[in-house]
Amino acid sequence: MPGLYTADAGATEWLDSALTDLAEFRSTGRPGWTREVFSESYRESRHWVADKMRAAGLQVHVDDAGNIIGRLPGRNPAAPPLVTGSHTDTVDGGGRFDGVVGVLGGLAAVETLRESGTVLGRDLLVVDFLGEESNPFGLSCLGSRALAGELTPRDLARTDYSDRTLASAFEDFGLDPSDLLGRAAWTGTRRPHAYLELHVEQGPVLEARGTEIGIVTAITGIERLVASFTGTPDHAGTRPMDDRRDAMVAAAEAVLAIRAEGCGAPEHGVATVTRLENASSSPNVVPSLVRLHGEVRSVDESWLTGTRRRLAEEIAARAGQHGVEADLSWTTDNAVVRSAPGVQDLAAAACDAAGVSWLPVPSGATHDAVHMAALAPMGMIFVPSANGKSHCPEEFTATGQIATGVRVLADTLIRLDTHHFPHPPRTH
Ligand code: HGY
Ligand code: MN
Ligand code: MN
């Protein structure tokens, strides 16, 4: 079977052209590279990804949760497989590298194994997980959650801004929601031996330190908030300023309280409000019902568990000063997850063997790896992001940097293949 590379087009050329070709699948009329889950551009791109996996010599199928899974047979197909991969959906106005580097890098790693004549003792699965990015339903990592058996009926009943349910979005995408809650899960003997994901750092650390590889120590936890502020509607032109119950003012105070919370975390804390909705569309009525969407993140578990209480007190107090009621609804998008020490050690050994500089780094972004950690020892390898930018068109990582990540990924997978994990490491 001829490989991915040709005589005059090796790994970096293949990566360059694959990145360029996949970037063509984007939603018109949206900024940057937009290929959101369940969109038409995303639906079309899934066929391209499956074809790319076949071109890499993988046996390809789409599972009940819409994950595209490419299988490289090992000597013992009955052994728990190794898994790598990431996602190819984007945020609105996103870039060309977030997630994509882990899927294409997984295929390039398969080629690296083939070129070196390496046959693993166990299958290697390269997965393009469905819908990693958070979405209007407020739930990220749809495909990897399903594999981990973590999707719930309540999740499928979530609605987007137009009150469409997540279940109907899956149906419209050609998937049966009832399969998501059971059959899709990798339970029992389907649990992998280990999971390793290549991803762009999406932050400034590696570039600032001139380091080629980040070995992820922990992945941030995320608390998501929807807050409703209820005041009193009034004529915006006649109601005196000292006699209003303005829901938008209370929401604005909450935006600042949430920002202050994120600035107060001891280790890598962030907090962001991304949406304010006035229930009324009239520009001349004092807002009486406003909804706020926000999130708080940190790799510091104990601090993060306190954020709900701190913000509930602060937001209620500030809203009360304006005679406005605040109702807060929280969901934990994911808890803080630690990478398996054994996987981190093998990635470090691979870097050292290749003479590649590396740093242990926490991940402020969440990933499919969070949910795969529920199934198997997990690790992540980062490559630098130019100016630390991501989730925007300026997102960039040089192909040579990605190729270094692929080399480390391939070597670490070879080491994982024969590694014995003495006991299931604590990941949650
Ligand atoms: O939100 C995140 O951290 C990831 O990009 N989905
Ligand atoms: Mn990502
Ligand atoms: Mn992302």
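Residue numbers start at 1 and run along the sequence shown. Fair warning: this is a prediction, and the values are worked out from it, not measured in the lab. For ligands, and for the atoms within them, numbers begin at 1 and follow the listed sequence.
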Less than 6.0 angstrom separating the ring centers of Phe421 and His193, yes or no? yes
Report the member of His87, Arg297, His367 with the shortest heavy-atom distance to atom 3 (O) of ligand 1. Arg297
Which bit of Ala365 gets closer than 4.0 Å to ligand 1, counting heavy atoms only: side chain, backbone, both or neither? both
For the pair Arg318 and Glu314, evaluate salt bridge (charged side-chain N to carboxylate O under 4.0 Å, His left out) and give the outcome as yes or no after the intermediate values. CA-CA 6 Å; Arg318 294 191 190 200; Glu314 184 64 22; 2.6 Å; yes
Is the His293 to Tyr161 ring centre distance short of 6.0 Å? yes
Would you say Gln202 and ligand 1 have an N/O pair spaced under 3.5 Å apart? no
Any N/O/S atom, side chain or main chain, of Glu132 closer to the Mn ion (ligand 2) than 2.8 Å? no
Could you verify whether a donor N or O on one side chain and an acceptor N or O on the other, from Glu325 and Thr230, lie under 3.5 Å apart? no
Separation between OG (Ser86) and CZ (Phe97), nearest 0.5 Å, reads 14.0 Å
Of all the atoms in His391, is at least one N, O or S atom closer to the Mn ion (ligand 3) than 2.8 Å? yes
Decide if atom CZ of Arg259 counts as having more than 12 heavy atoms of other residues, nucleotides or ligands within a radius under 6.0 Å. no
Taking atom types as modelled, find out whether Thr165 and Ser168 have a side-chain donor-acceptor pair closer than 3.5 angstrom. yes
Using a strict 4.0 Å cut-off to heavy atoms of Glu133, name the atoms of ligand 1 that fall inside it. 4 (C), 5 (O), 6 (N)
How open is the angle at the Mn ion (ligand 2) from atom NE2 of His199 over to atom OD1 of Asp98, rounded to 10 degrees? 90°
For His391, atoms of ligand 1 separated by under 4.0 Å from a heavy atom: 5 (O)
Please indicate whether any nitrogen or oxygen in Ser134 is less than 3.5 Å from any nitrogen or oxygen in ligand 1. no
Which bit of Glu295 is near ligand 1, meaning a heavy atom under 4.0 Å away: side chain, backbone, both or neither? neither
Could you label the plane-to-plane angle of the Phe38 and Phe137 rings as parallel, tilted or perpendicular, counting under 30° as parallel and over 60° as perpendicular? perpendicular
So, of the N/O/S atoms that Glu133 has, which is the nearest one to the Mn ion (ligand 3)? OE2
